[in-house]
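Residue numbering restarts at 1 for every chain, and letters A, B, ... go by the order of the sequence lines.
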Amino acid sequence: MSATKLAPRDQGAPDYTACLHPAMAKNYGKWVEHERIRPGVLVYTAESGDKLYTVRAGSPRTMSPTTIRKICDIADRFCDGFLRFSMRTNVEFSLTRQEDIEPLMEAIKTELGFPIGGTGASISNIAHTQGWLHCNLPATDAAGAVKAMMDDLIDEFENENFPNRVKISTSCCQINCGRHSDIAIIVQHHHAPRINHNNMQICELPKVVAICPVAAIRPSVVDGNQTVEVVDEKCMYCGACHGQCPSMEIRDADTDTLSIWVGGKGANTRSGPSLMKLAVWGLPNNPPRWPEVSDAVRTILDAYREGGKDWERVGEWIERIGWQRFFEKTGFAFTKYHIEDGPNAMWTYNRSTHVRI
Amino acid sequence: MSATKLAPRDQGAPDYTACLHPAMAKNYGKWVEHERIRPGVLVYTAESGDKLYTVRAGSPRTMSPTTIRKICDIADRFCDGFLRFSMRTNVEFSLTRQEDIEPLMEAIKTELGFPIGGTGASISNIAHTQGWLHCNLPATDAAGAVKAMMDDLIDEFENENFPNRVKISTSCCQINCGRHSDIAIIVQHHHAPRINHNNMQICELPKVVAICPVAAIRPSVVDGNQTVEVVDEKCMYCGACHGQCPSMEIRDADTDTLSIWVGGKGANTRSGPSLMKLAVWGLPNNPPRWPEVSDAVRTILDAYREGGKDWERVGEWIERIGWQRFFEKTGFAFTKYHIEDGPNAMWTYNRSTHVRI
Amino acid sequence: MAKKKDDKGTNNPGLNTPLLDELEAGPWPSFVSDLKQWSKTKPQVAQLLNQLEESYENRWNYWTGTVLNVSGYGGGVIARLSDKADKYPDLAEFHTIRIIPPPGFVYSTERLRNLADICEKHGAGILQLHGLTGDALALGFDNEGTFAAAEDLMANGWDLGGSGAALRSLQCCVGQARCEMACFDTMKTSRFLTNHYIDFLHRPEFMYKFKIKISGCANDCANAMIGSDMPIIGTWRGPMQIDHEKVAEYIEEKGVEHVIDNVITRCPTHCISLKGKELVIDDENCVRCMHCINVMHKALKPGKDQGVTICLGAKRTLKIGDTMSSVIVPFLKLETDEDFENLTDLIDRMWEFWNDNGMDHERIGEFIARVGLGTFLEGCGIEPDPRMVQSTRTSPYINFEELAPGDFEGEQTQQPKVWNREPESRESSS
Amino acid sequence: MAKKKDDKGTNNPGLNTPLLDELEAGPWPSFVSDLKQWSKTKPQVAQLLNQLEESYENRWNYWTGTVLNVSGYGGGVIARLSDKADKYPDLAEFHTIRIIPPPGFVYSTERLRNLADICEKHGAGILQLHGLTGDALALGFDNEGTFAAAEDLMANGWDLGGSGAALRSLQCCVGQARCEMACFDTMKTSRFLTNHYIDFLHRPEFMYKFKIKISGCANDCANAMIGSDMPIIGTWRGPMQIDHEKVAEYIEEKGVEHVIDNVITRCPTHCISLKGKELVIDDENCVRCMHCINVMHKALKPGKDQGVTICLGAKRTLKIGDTMSSVIVPFLKLETDEDFENLTDLIDRMWEFWNDNGMDHERIGEFIARVGLGTFLEGCGIEPDPRMVQSTRTSPYINFEELAPGDFEGEQTQQPKVWNREPESRESSS
Ligand code: SRM
Ligand code: SRM
Ligand code: SRM
Ligand code: SRM
Ligand code: SF4
Ligand code: SF4
Ligand code: SF4
Ligand code: SF4
Ligand code: SF4
Ligand code: SF4
Ligand code: SF4
Ligand code: SF4
């Protein structure tokens, strides 16, 4: 590369105005109404009376240039050469000619093999993380579990049969890049990190000691090497040290398990944002299709569909019926591990006599 | 006393059945209905059809035998020789003859000088603590402030003009034996404890060091005496050490101030119990009548009466209208001191975009 | 040095209380007026008022605490010495005796007069009915007077209340004696627990104080939820009682809007709906908060199958900040002897675990905050129940004992990855 | 050692992925099928799939992180080295480039093809649209390929995204481009802030990462509240817009019960009431949660005087547990240049205080949790506002600077009480 002239730096975000469908550009800030024609298809009406149809298609997020080009081909044919991706890695094709909706949907299905849906009270695409494909920390894969789950849930993507939108995410380690969701799958470790003392980076030592939230790591010397040791009794297996220093290995293929969390919500609607909470733990890390995870998610979804009132998100439904009923209706066990510990624990206890009996 | 034969020990609680008004004894567990005839007077109806009238009179809690005997005289005349005290130190006269209600009320007013009321959506008697009359820790008096406040609020005791019951309490130190209430008055200190090094009890040393919530106290030696010292920057002026050891003096007549807290609630009604929160700070400790306190309490009460919906307790009203409106409507200033600090602070922040604009 | 009772009031300086006198004006009954009057009978009360006047003037307190015990008891007396004993000799010892009142604060005038008589006889005779924990407080005894009063009280069927690191005197609402909301017998429960545990009440041997308060229903008139380590609160299971005729009458009288605004929208779980003139309650989701019953108390009542919910942990703010009570037993019947045994069995186990593992001055709520509710339940042999929590945990870091490596068959196969490369930090050339 | 691009796929072992093949079945589009197909064009992708197959088999990961920087940039590349480089030489260096997408993820096919072309040319060509922070992710570049791709991208108008202790690529919802709920121009704001702060995005010099996400309204489709250090959320002041005719139509169509159950009872502040066929909103108490507007979106709309609410502090759980965003600016107009200056001025002050006083790896939410919101506000020169808190403090222990002794006139008059008696511990005799 040494001969190459450097390209311009620090250009920032591309000019979006050049990327807007003409109807979007024209009616920017002047939309007045939307309606769902059918699952996966919305129509937006502008002050001008213009109508913009949008067809939402589920993507696997990770795509080859071939697939990207197929998407572009379709957008060129039906959407004046524009398209967008949604916050949940769906592809959105917008068009102004109503009569093109059917042919467009046909093209999406046959040429891309992407399902159409993810709108309204459906299950949209599952947010997921890098997993074994690219991250250095994962204890499981995320894309594989998502593919398996979505195979199972495809009807729920293509229809709008829930009390409200259902957002699902999976993460491949406890760091949880997948964020809080109505339903989230994450990993748990079950013993303290093992240390590769031969390989400890001196430069990392102070950082790795500092990052432990419970001060379980202390400097030590093994075989004359500066290294660290972990106080087993204190360690809560969080893996923060592992992220800081790869010689602290937190993962264990034999003992790592998956767990499912429910009720995370970012929307400020009604009760506002809320963190997700533990529903089921101890599911096996079972590639390639993690059937136990799909089953448990399905169990939660069925109970939610049956018990939720319109507009209640998963967490709001559980809040209303109470956790006791949640466990009754899903059949999962409530254990002492479901009870929060740590500094904020008291705030999660039932500080009233409000109980369902 | 050495000659006295010891009386029987460990007898426990007196037999309440011998202390029940006959109508209470007869209809124990068989009451079906109550109604407020007028403020201060209730009628209870039993399955048997029996009716029991109850007149509630405000007492100053601290009473001489003379006053006690006057109470007994009235109860003998109208109540078959029985009476009770309520949870808020009111005296309750129960009777079965409706025609005796007026004469009873007359007797209470003229012979005892006690007001009648405290029922329903009124302000009942103010719960208070020992103060300078008997405790070893107080920075202010409680009974005096209560007397002054109740003089001001007597109409509110005798009528039921609020959205819901109003419970007020005062405490004479930050320990706050007065408990959480709709409105509570407590004391604040403003500098670290001063230490009487000559008088430090060695036996107390480990205890006083241990009790400091922020580890601000450490052992030290002054003039050859084992004593302690306080790290000023750490101290939060809580006074825990003062309760443990009188040689740690937290009070300061010149700088101690009073503050008013709102929204405490023990009832499980609706939203359930809640802790009280800071409304106003920095009121002067101003005996004998603490007029600034009465004024501030009145301001809160007026705003609550005007803005609260039926059945909303003070805290529920504030929750609904939001703290911003509370400060607007009362005219009190919101300051950085109103923002919680310490470990649970984050839980009190507004973790949504819910704002009134 | 204790003085003879007869000495009291010798050289009494006379009342001089200009500030306190300002508390005589106004319509609310004045404790100052009452005590001034009383000081004519009990001269030491004049000294008390004079000292209080100085407190008002200087905004300063003149009492010092000490310890005084009646033979066989480790608590019940709050002993105070005046810092101004030179000036007010009768305040040199000026103690309060805590006396267990009849549960629910019910009195016959005979009993109440008896109390006043004894307190007058042996001390200053000032009574406070009642202290915030629920004792009858009698103020103003010197050491000898305290001992004499205690004997006299006990000879008359009274007993001392709690103080220090002990079970405290219990408090309960009037309950079934006069209230149709009461879901169980609060007075009986209060007396039963007091007497069953009287040893723990009188001889402090806990980690720290323990308060029990008892309310007949969730309205919690006994201030149990915020004022006690262990609130016992009446409740029911199954549907509440609805008198549909009275519901219709109520709606007729007050109008639909009133019912929506005051009942329907106020239910914490939104489990009530209005179908014409009928209230329909989704009983599965009623959390027994009492609100709708309070509003429509002639039409609605607690259900028939009654019992209690037991909570744990409230205290005020010292050290770790306020703790609130949280559910420990969602529902317990409290009628038969066996039911009461279940209750004491539970309390025994909780006390044992707390006292075996707690720290000095650590209330049970602080103890639970420190060790965690999960550990506490396990220590007491109580099954975890989702009703104990408002929500399950948010923190993903869990110490799963069941899944510790030892419980897995065979050896750990995966060793730490050998990370044997120097970390590279590169920049594109030029 | 970097290899020449031409080498890729030499001695490619061929695909052997029985487990991954199971992810080809089923109706959902399969990334495995796509990549298998693509491996015919890019042989290194076959190695990638084979290594992934081993991960699936052994439940183990084979990537190690490292650092690689494009000239002039301190981030934007997530560099990975395979632990199985011996077996899969083309994975020896296999980096991801984070690329700033057009705000709102809008693309012309021209731009998207351009992106795909460049990525194919210099690396494995795998794209993820988009990463959870909001970057366009391009996977599979070796060191040289990374540098070449970066130059090519930049020559074509793209720029690198954020990584490390830097401002991260911003993310915003589609907003005014297609949504009638949008209360401000999310795309413009996103681009403006990206470009204004591009230096902080490209050259990590913060305490730790800082994410900004932007949603046009409180529905928060951009996941700002739980996924960013600083959510910027559209809102309005004054009354919302109501089309009373459409309200009546809606009630007609759906019935009163439906409206009560889905609108009236769901309002968090109970500020909506139904008077016949009219909705009455107590605008003072509307907290702009969007719920009623979502349900009756043809009849109700955000008010006309629009702006943003700014929050601060969300991050996931590492170290101190999850933090959530809380309000820092209740309302800010965001239309004129001056408005935008107000915004950057605010951000500048917050960043300065955080970076001057924060600790290593401390996100701004953790920083606030440590120093307290009061201190933070003061440090940034922001006025405290009650809308920043859900409730005022419960802890009575306050360090009042204003009332420190120095601020009082004169000397402290009261010295500690002289407690010069031995504590007495007495028992009644016998
Ligand atoms: C396209 C997209 C924005 C974008 O810029 O990409 C979008 C678009 C719309 N959202 Fe959204 N939301 C989008 C992600 C989200 C997210 C974030 C996410 O999915 O990760 C959330 C917040 C999730 C959370 O709480 O953590 C979100 C919470 C909502 C809500 C609130 C739902 C609730 O009641 O809590 C609404 C309101 C509604 O449903 O009427 C909403 C409403 C809408 C509306 C109806 C707004 C409008 O008038 O256009 C849009 C049509 C959606 C539909 O599916 O019927 N959108 N929406 C995103 C599509 C994601 C997808 O492909 O599935
Ligand atoms: C007599 C007393 C019980 C006792 O054993 O002494 C009592 C008696 C009644 N209470 Fe109470 N409450 C009594 C203290 C309390 C307390 C504790 C306190 O005042 O310190 C509370 C809880 C305070 C808190 O939340 O911290 C209390 C919260 C209630 C409530 C719940 C109000 C709410 O909506 O939150 C009700 C329900 C109601 O008002 O209908 C209630 C209702 C009642 C009823 C109507 C119950 C009944 O059917 O008899 C009684 C008539 C009261 C009246 O004043 O109209 N009572 N009530 C107490 C009178 C105190 C006084 O003299 O003022
Ligand atoms: C007398 C009484 C106030 C009154 O005038 O009614 C009182 C008076 C004292 N309380 Fe209290 N407390 C009294 C009810 C309460 C309550 C209310 C309750 O029980 O419902 C509370 C709040 C609830 C709680 O238990 O936390 C209360 C919370 C405290 C605390 C703070 C505990 C905490 O951890 O935050 C202390 C100090 C301590 O425990 O270290 C305390 C300590 C004290 C001491 C013993 C001061 C001391 O440590 O030396 C006071 C003795 C004063 C005296 O001369 O009699 N007192 N104290 C109440 C007891 C009367 C009775 O027996 O009926
Ligand atoms: C790529 C991505 C997942 C994905 O597949 O989409 C990702 C991947 C990584 N995240 Fe993340 N995070 C990604 C979005 C998130 C999010 C979601 C978001 O931004 O909305 C979160 C949760 C919100 C938050 O910021 O906390 C997130 C929380 C973390 C954390 C935990 C922070 C915490 O304090 O709890 C770490 C570890 C850390 O910061 O020390 C982390 C660290 C990492 C690292 C850099 C692992 C490491 O420390 O070495 C991962 C690099 C993987 C790779 O090979 O590319 N990542 N990470 C996302 C970024 C793509 C993009 O640029 O568009
Ligand atoms: S969740 Fe963990 S393993 Fe997965 S991408 Fe994020 S940091 Fe990497
Ligand atoms: S896993 Fe977490 S708790 Fe354990 S040593 Fe590492 S950083 Fe500390
Ligand atoms: S509040 Fe403080 S000063 Fe008042 S009685 Fe209780 S412990 Fe004593
Ligand atoms: S006042 Fe409180 S914080 Fe200060 S030294 Fe005493 S116990 Fe510690
Ligand atoms: S707590 Fe319930 S039972 Fe007891 S007095 Fe109050 S309303 Fe009646
Ligand atoms: S008691 Fe409370 S929870 Fe039960 S129906 Fe009535 S208002 Fe709802
Ligand atoms: S956040 Fe609001 S403005 Fe943005 S897309 Fe969602 S609904 Fe529309
Ligand atoms: S936007 Fe939310 S807070 Fe405002 S009126 Fe509608 S539901 Fe109520």
For chain C, which of A:C238, A:P193, A:G322 has the most heavy-atom pairs under 4.5 Å? A:C238
In sequence, state the C-alpha distance, the side-chain angles, and the governing distance for C:R288 and A:T353, and then conclude on side-chain contact (heavy atoms from CB on, under 4.5 Å). CA-CA 8 Å; C:R288 289 87 172 93; A:T353 58; over 6 Å; no
With a 4.5 Å cut-off on heavy-atom pairs, point out which of C:I233, C:D283, C:T269, C:N285 contacts chain A the most. C:N285
Which portion of C:I398 sits near chain A, non-hydrogen atoms under 4.5 angstrom: both
What option among C:E284, C:M225, C:M324, C:R237 has the most heavy-atom pairs under 4.5 Å with chain A? C:E284
Options C:I368, C:T309, C:V327, ranked by heavy-atom pairs under 4.5 Å with chain A, top entry: C:V327
Side-chain heavy atoms of C:P396 within contact of A:W261, under 4.5 Å: yes
Spacing of CZ belonging to C:F400 relative to NZ belonging to A:K336, to within rounding of 0.5 Å: 10.5 Å
Taking the side chain from C:T392 and the backbone from A:L278, do they hold a donor-acceptor pair closer than 3.5 Å? yes
Among A:S352, A:G263, A:A345, which residue forms the greatest number of heavy-atom pairs with chain C at distances under 4.5 Å? A:S352
Among C:S326, C:G307, C:G374, who wins on heavy-atom pairs under 4.5 Å with chain A? C:S326
Heavy-atom distance under 4.5 Å to chain C: side chain of A:S259, backbone, both or neither? neither
What is the distance from atom NE2 of A:H338 to atom CZ of C:R393, rounded to the nearest 0.5 Å? 9.5 Å
Note, A:V214 side chain near C:Y397 side chain (heavy atom, < 4.5 Å): no
Check this for me: A:D223, atom CG, are more than 12 non-hydrogen atoms of other residues, nucleotides or ligands nearer than 6.0 Å? no
Testing the basics here: between C:P330 and A:I357, what is the closest heavy-atom pair and its distance to 0.1 Å? O-CD1, 4.1 Å
OG1 (A:T335) and CG (C:L377) are apart, to the nearest 0.5 Å, by 11.0 Å
Need one label for A:M276: side chain, backbone, both or neither, based on atoms under 4.5 Å from any heavy atom in chain C. backbone
Side chain of A:N350, backbone of C:R387: donor and acceptor closer than 3.5 Å? yes
Sort out for me which of C:G372, C:A369, C:S395 touches chain A most, counting heavy-atom pairs under 4.5 Å. C:S395
Against chain C, label A:I186 side chain, backbone, both or neither, depending on which of its atoms sit under 4.5 Å from a heavy atom there. side chain
With a 4.5 angstrom heavy-atom cut-off, is it the side chain or the backbone of C:E378 that approaches chain A, or both, or neither? side chain
So what's closer than 4.5 Å to chain A heavy atoms on C:C286: side chain, backbone, both or neither? backbone
Nearest 0.5 Å, what's the OH-CG distance between A:Y237 and C:N399? 4.0 Å
Is there a donor-acceptor pair under 3.5 Å between the side chain of A:E340 and the backbone N or O of C:T394? yes
Counting only heavy atoms closer than 4.5 Å, note whether C:P268 contacts chain A via side chain, backbone, both or neither. side chain
Those residues of residues 215-224 of chain C that come under 4.5 Å of chain A on a heavy-atom basis, listed by number, are C:A218
With chain A as the partner, which of C:H270, C:M388, C:R370 has the greatest number of non-hydrogen pairs under 4.5 Å? C:M388
Portion of C:L373 that has a non-hydrogen atom of chain A nearer than 4.5 angstrom: both
So what's closer than 4.5 Å to chain C heavy atoms on A:Q188: side chain, backbone, both or neither? side chain
Closest heavy-atom pair and its distance - C:G365, A:M346: O-SD, 4.5 Å
Which atoms of A:F327 approach chain C - backbone, side chain, both or neither, heavy atom under 4.5 Å: side chain
Give, for atom OG1 of C:T323 and atom OH of A:Y349, the distance between the pair rounded to the nearest 0.5 Å. 11.0 Å
Smallest heavy-atom separation, A:E319 atom then C:S391 atom, equals OE2-CB, 4.4 Å
